[in-house]
Amino acid sequence: MLSHLKISNLATIEKVELDFKQGFSILTGETGAGKSIMIDALQLILGQRADNSLIRTGADQASLEAVFNTGHSEAIKSLLEESGIPADEEVIIRRILPRDGRQKILVNDVNLTQARLAMIGRLLVNIHGQHDNQSLLQASSHIDFLDGAGQLLQDREEVRTLFDRYEQILEEKNRLNQQLSSRNARIEELGFLQEELTSANLRVEEEEELNQEAGRLSHVERLTEIFAQVQGQLYESEGAMIDTIGSISKLFQEAATLDSGCLEIQESIENTQSLLKEIYLYATHYSSRMEADPKRLDWINERLNDLQRLKRKYKVESIEELLLLKQTSQAELEELQNLDFDLQKLTQKLEQTQKQLHQKSMELSAKRKAAAKLLDEQIIQEIHQLGMEKALFQTNINMNIHVAEGTCRYSSKGVDNVEFLLSVNPGQELKSLVKVASGGELSRIMLALKTVLTAVDTVETMIFDEVDTGISGRIAEIVGQKLRSLGKDRQALCITHLPQVAAWSDHHLVVNKDVIDGKTFTSIRELSANEKIEELARLIGGVDITAKTMQLSREMLKSIDRKKR
């Protein structure tokens, strides 16, 4: 239940602070006074997208705060905990809208996103406005009203899950069928690729090794000269390095016998002598293998050209990528070769899912038909009380059938088409509500639906924004009585222009607009009993309140007080 609302710098409101009570509350005021601002404020509190144009002229930011007493609502408690918010019987929502910068949303002092706030808001308040009546003019929405009244939304969610799965499998089957139609050509293409890359005997290191060998074979003469010089300078020529280092080693051996400090350098000289011998042996071995081989060089160049051709053909940069392509194409080839088997399995899965979808849809349809009978009885009872004594109401349910195939057409809502039918006058056949209902009739039918839905709705606070549009007189009084009955079990707030509706309220709020020093200020306050009489007189007679309208106001309140008792 909404217990407190604080609004600062929103539109023409500079500052308003209100306490709300259980029961049926009415908000009235002259046209243009700013009644809709409170609805705007509540919608922002409940998670509607913010518009900076609502910030009061001259203010840097607007701020809103609402306090809700949630009692022991498990749904709200669960959602709060899921959102990381301490679950308490009191929920405090604060929303700050700066003219520049990012907005701030706090629920029990925990930062929250707008989307998460909207989820919480839907469990706190149900706002019904004039535009909601237009949903009755869309036959596609009638199924939602029926499922809500019949508490079938969980069943419908199960159908939606199955339908989504069915659509996903069907899409996969269509994809496989498309592959099947072009399979032979693709299998031939992949087979050629596999044969070509397999016969190529690819190795990751091969290209680097061949390039190295090609470089060596291309420079045989020069390499032979180089290693001949190395052999000569190391050992074979006069004054060779190995001989020289040998002589030096002998001298240091003699020095070491005279001075043991020379032993360390003597070891280094011996290591150097061993290293030079290793270099000589390498040069000798290299030279023995070095010979011109034009045929081998031609083969290497041809092999390298083949590898380059394969990389260009398959648009890759390396042998590794060619090997990866071979691997992935082999997997695709196996998939295509198993396509018939996969398609058979998928067809079986599709049939199984369709059976489950059909069964669940039929179960939901049967529940809808049972719910429709009860809904029709309840709606007829409600609209008779709302002055449509001779009206008939019926929920028409037809299966959505594919005419050409004679099969059910499934959707996320099942197989049913639901449409509300109405007959207003005796002797008239039932026709689509969309075609025959007037504005006032739509308002009453919507109120009847809301009354029925209230019985299954867990939301504690309901707000009606001028839902009495198009009615007057005796019917308006019945509407007021009906709204008050809704407020017995929960909190109901209605914005109205009709005194017959306002007179039934337990609490009466009024909106006033004043212009002070060229600035507009909107205020909202609760009326005392005497002030309520004056406000009803204004609603009855307009701006000028006369003794007669005051008398009519008192008589109206006395009459309604007797009916209340």
Side-chain angles (χ1 to χ4, degrees), residues 171-172 174-237 240-242 274-343 346:
E171 183 180 348
E172 179 65 14
N174 291 336
R175 185 186 69 80
L176 287 184
N177 277 323
Q178 290 177 355
Q179 284 185 314
L180 196 62
S181 64
S182 59
R183 178 178 64 166
N184 292 337
R186 182 59 176 164
I187 286 177
E188 184 177 350
E189 179 184 347
L190 291 172
F192 179 79
L193 182 149
Q194 281 292 310
E195 183 180 349
E196 185 174 34
L197 294 183
T198 300
S199 63
N201 291 318
L202 299 171
R203 289 189 302 110
V204 173
E205 304 86 356
E206 182 184 15
E207 193 170 21
E208 182 179 350
E209 292 173 356
L210 291 176
N211 279 316
Q212 185 177 359
E213 188 178 356
R216 185 168 63 247
L217 290 173
S218 298
H219 302 90
V220 169
E221 293 182 3
R222 178 57 183 155
L223 286 169
T224 301
E225 292 175 2
I226 289 172
F227 280 96
Q229 291 179 30
V230 169
Q231 287 174 292
Q233 291 183 28
L234 284 174
Y235 195 71
E236 297 172 358
S237 62
M241 292 178 65
I242 292 177
S274 297
L275 178 60
L276 290 174
K277 287 179 179 179
E278 287 181 15
I279 295 172
Y280 174 77
L281 290 173
Y282 177 82
T284 302
H285 178 70
Y286 191 96
S287 296
S288 67
R289 293 187 299 112
M290 186 59 60
E291 61 179 332
D293 191 348
K295 290 183 178 180
R296 174 65 179 173
L297 182 58
D298 289 343
W299 181 88
I300 289 174
N301 288 329
E302 185 177 346
R303 176 63 173 170
L304 289 170
N305 287 334
D306 286 342
L307 295 178
Q308 289 297 325
R309 178 184 61 80
L310 286 173
K311 288 193 288 185
R312 286 195 302 270
K313 179 177 180 179
Y314 294 109
K315 299 177 181 178
V316 297
E317 298 293 330
S318 65
I319 302 297
E320 291 95 331
E321 291 180 82
L322 280 174
L323 290 169
L324 180 60
L325 175 62
K326 181 175 180 292
Q327 181 182 347
T328 56
S329 63
Q330 178 63 33
E332 184 183 353
L333 184 59
E334 291 173 0
E335 181 182 338
L336 289 173
Q337 289 169 339
N338 294 327
L339 201 59
D340 290 323
F341 178 70
D342 292 342
L343 188 59
L346 203 61

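Everything numeric in this text was worked out from a predicted model, so none of it was measured.
The two residues I300 and L210 make their nearest non-hydrogen contact at CG2-O, 3.5 Å. The minimum heavy-atom distance linking A214 with L297 is given by the pair O-CD1, 3.8 Å. Here the closest heavy-atom approach between residue A240 and residue G232 is recorded as CB-O, 4.0 Å. Between Q231 and A283, the shortest heavy-atom distance links the atoms CG-CB, 3.9 Å.
In this structure, V316 and L310 have side chains that are not in contact, with every pair of non-hydrogen atoms separated by 4.5 Å or more. No side-chain heavy atom of E171 sits under 4.5 Å from any side-chain heavy atom of R175. The side-chain heavy atoms of L325 and L193, taken from C-beta on, include a pair separated by under 4.5 Å. Proximity of E206 to I319: side-chain heavy atoms (C-beta onward) are nowhere separated by under 4.5 Å.
Residues meeting the side-chain hydrogen bond (donor to acceptor under 3.5 Å, both in side chains) test with E196, sequence neighbours left out: R309, K313, Y314. Residues that satisfy the salt bridge (charged side-chain N to carboxylate O under 4.0 Å, His left out) test with E208, not counting sequence neighbours, are absent from this structure. Residues forming a salt bridge (charged side-chain N to carboxylate O under 4.0 Å, His left out) with R203 (at least two apart in sequence, or on another chain): E205, E209. Under the rule for a salt bridge (charged side-chain N to carboxylate O under 4.0 Å, His left out), the partners of R222 that lie at least two apart in sequence or sit in another chain are E225. Residues passing the salt bridge (charged side-chain N to carboxylate O under 4.0 Å, His left out) test with E321: none are found, sequence neighbours excluded. Checked against side-chain hydrogen bond (donor to acceptor under 3.5 Å, both in side chains), Q229 has no partners two or more places apart in sequence or in another chain.
Of the inter-residue distances, the one linking S199 atom OG with N201 atom CG reads 7.0 Å to the nearest 0.5 angstrom. To the nearest 0.5 Å, atom CG of residue L190 and atom CD of residue Q330 are 9.0 Å apart. Rounding to the nearest 0.5 Å places CG of L322 at 10.5 Å from CD of E317. In this structure, CG on D306 lies 6.5 Å from CZ on R303, to the nearest 0.5 angstrom. In this structure, CZ in F341 is found 11.5 Å from CG in L346, a value given to the nearest 0.5 Å.
Under a 3.5 Å cut-off, the side chain of Q194 and the backbone N or O of K326 do form a donor-acceptor pair.
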